[in-house]
Each structure stands twice: as C-alpha cells, then as structure tokens.
Amino acid sequence: MKRPTIVLLAGLLAAVAGYCGLFFHGTKEQREMLRSAAPELSWLKKEFDLGDAEFEQIARLHERYLPRCEELCQRIAAKNVELRQMVTSPNVDAKAVELKLKEAGDLRVECQRNMFNHFLEVSRQMPPEQGRRYLQWVHQQALADHDMAQRHAVHHMDSH
Amino acid sequence: MKNNDIELSALLEEWRVTTPLPPRFNEQVWKRIEQVDVTSASFVDTVREWLFAALARPRFALAYVTALLVLGSSVGLLQANRKAAHWERELQVRYVQSIDPYHKGRP
C-alpha cells in the first residue's frame, strides 16, 4: 500500500477513535446509571450528591412509600366512583353527596400529606443543603401548581 | 391498445422531418461531449494528485491526522454531552413518575 493511502486511512481511523473515545468516556456515568437496578434512584444519588449510606436509606424509604401511595390512589378512585353513582342516581341526596365530597377531600389531603411526609423524610437523609434543594425541587415537580390527588383520582376513574 | 400501437407506428413511419439541422450539428454535439469528459476527469485527477503529493509530505500528513483526530473528538464530546443531558432528563422524569405515578413528565 502506498504511503499517502496509509496516511489517509490513519486520519479516518483517528477521527473514529477520537469520536468513540470521547463519546463513551463522556456518557460513562449515565450508562452506569441506566444499567443499575433502580436507574431513577441512581439519578437521585448523583443529582443530590448522596453517599452510599444515605442512598440505601433513601432507597428503603422509597420502597416503603410506593404501596401506601398506591393504596391511597385506589381509595380516592373508589370514592369518586361512589360519588359519581350518587350524583347520577334518580333521587340525589344532597346531604349524602356533601358527606361523600368531604370524605373524598379528606382522602386527597391524606394522599398529599403522605407524599409530603415522604419528601420530608427523604430530604432529612440528605446533607442539609442538598435536602433543602431536594425539597424545593420535588415540591415544584409534584405538588406545586397542580392538584396531584385530583389527577390520581381522574386517572383511576378513567381506567374503571 | 394493440390497435392504437399499430396506428401509432404507421403514423410515425409516415412522419418526415423537413426542418434542416443547423450547420455542423453532429460535430458540435461530439465536441461538447468531449469537453465535459475532459473537464471532469482532469478535476478529479488534479485533486487526487494534489492530495497524494501533500500526504507524502510528513508535516502535512501529521497535520491531517491531527486535524481529523481533533474533529472526531470534538464531535464525540458534543454528542456525549447531548446524550448525557438527554438521559439525565429522562431519569429525572422517571423519578418523579415513581413518586407521583400519574405525572405526565412536564418539559
């Protein structure tokens, strides 16, 4: 093979090697997170700079929180179904509807309280500065400017 | 269809071109074809000859390999940053969905 051809190929090889090297090095951390057992929690660990002990504690809290959240969502959905049946029945009992509305409202508040308590517990496992940042962020994502429980309930009613 | 073809063939056979061609028409056509061939071949050859002569010079060869290495690395780094940010956003949404299962993932 002629020398210019070798140089030509060497240049192309260098470009490919440079691309692959930098790409794989630059995405190493994210690829490791995606391969982990709970990628979203791995992201939390990285984002809020958590140590291993803090991370394990938060993962435990996360696992404990999920079934309670689901149970409350189902109770809100059931309450909304009852309410719909009462409102669409031929003889609407205003007092009974009022009571049911109050029960549904109480459940939504309980759901939000449960959610907020979880956020608070998680934030307490973090270093103080990160904990504050987490609370601020998660509040913006899950509680602020939208009614979480209402959405849960609507979703459940739609799926029934 | 078949009848139409026969009729068309008959019509074409009857057709006679009466308009005279411009003077030296054939010669002009061949001249233009030759010119196009010569121009394109010479351009490719010139570029190839120049590139091979340049690559034979050690300083140019080194600069060429370095430039491609830098170019490849830069594109790789840019793509890596973009992809990493995309994956992180995706994981962030997944976390919010896990604590708020009906979260629709606002941008």
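Each chain gets a letter, A, B and so on, in the order the sequences are listed, and its residues count up from 1. The basis for the numbers below is simple: all heavy atoms, side chains too, and nothing from hydrogens, waters or symmetry mates.
Both B/Ile33 and B/Leu21 belong to a single network of hydrophobic side chains, linked directly or stepwise wherever heavy atoms of I, L, V, M, F, W or Y lie under 4.5 Å apart. If you chain together hydrophobic residues whose side chains sit under 4.5 Å apart, B/Leu78 and A/Phe24 never meet in one group. B/Val75 and B/Val65 fall into different hydrophobic clusters, defined by Ile, Leu, Val, Met, Phe, Trp and Tyr side-chain heavy atoms under 4.5 Å apart, directly or through other members. Taking hydrophobic clusters as Ile, Leu, Val, Met, Phe, Trp and Tyr residues chained together by side-chain heavy-atom distances below 4.5 Å, A/Phe119 shares a cluster with A/Leu66. The hydrophobic clustering, which links ILVMFWY residues whose side-chain heavy atoms are closer than 4.5 Å, places A/Leu135 and A/Trp137 together.
Looking at B/Leu51, only its side chain comes within 4.5 Å of chain A, counting heavy atoms on both sides. Neither the backbone nor the side chain of A/Lys28 comes within contact range of chain B, judged by heavy atoms closer than 4.5 Å. Of the atoms belonging to A/Ser42, not a single heavy atom falls under 4.5 Å from chain B. Heavy atoms of A/Ile6 lying under 4.5 Å from chain B are absent altogether. Proximity to chain A (any heavy atom under 4.5 Å) is shown, for B/Leu71, by neither the backbone nor the side chain. Interface residue A/His62: only side-chain heavy atoms are found under 4.5 Å from chain B.
Between the CD atom of A/Gln141 and the CD atom of B/Gln97 there is a distance of 11.0 Å, given to the nearest 0.5 Å. Taking CG of A/Leu41 as the start and CZ of B/Arg94 as the end, the distance is 10.5 Å to the nearest 0.5 Å. Rounded to the nearest 0.5 Å, atoms NZ (A/Lys46) and CD (B/Glu88) are 3.5 Å apart.
For the pair A/Tyr65 and B/Ile99, the tightest heavy-atom approach, listed with the atom from each and the gap, is OH-O, 2.8 Å. Counting all heavy atoms, side chain and backbone alike, A/Val7 lies closest to B/Ala61 at CG1-CB, 3.5 Å. Nearest approach of A/Gly26 to B/Ala84, heavy atoms of both residues: O-CB, 4.2 Å. Across all non-hydrogen atoms, the minimal contact from A/Leu8 to B/Tyr64 is O-OH, 2.9 Å. Annotation for B/Ser73 and A/Gly18: closest pair OG-CA, 3.4 Å, computed over non-hydrogen atoms.
Heavy-atom contacts from other residues, nucleotides or ligands closer than 6.0 Å to CD of A/Gln136 number 12 or fewer.
Side-chain contact between B/Leu91 and A/Leu34: present, with at least one pair of heavy atoms (C-beta onward) separated by less than 4.5 Å. Between A/Tyr19 and B/Gln79, some side-chain heavy-atom pair lies under the 4.5 Å cut-off.
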- request: Show your working on side chain to side chain contact (heavy atoms under 4.5 Å, CB included) between A/Phe23 and B/Lys83 and close with a plain yes or no.
  value: CA-CA 9 Å; A/Phe23 182 82; B/Lys83 198 75 187 164; 4.1 Å; yes
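For chain A, the option among B/Thr66, B/Leu69, B/Val70, B/Leu62 with the highest count of heavy-atom pairs below 4.5 Å is B/Leu69.
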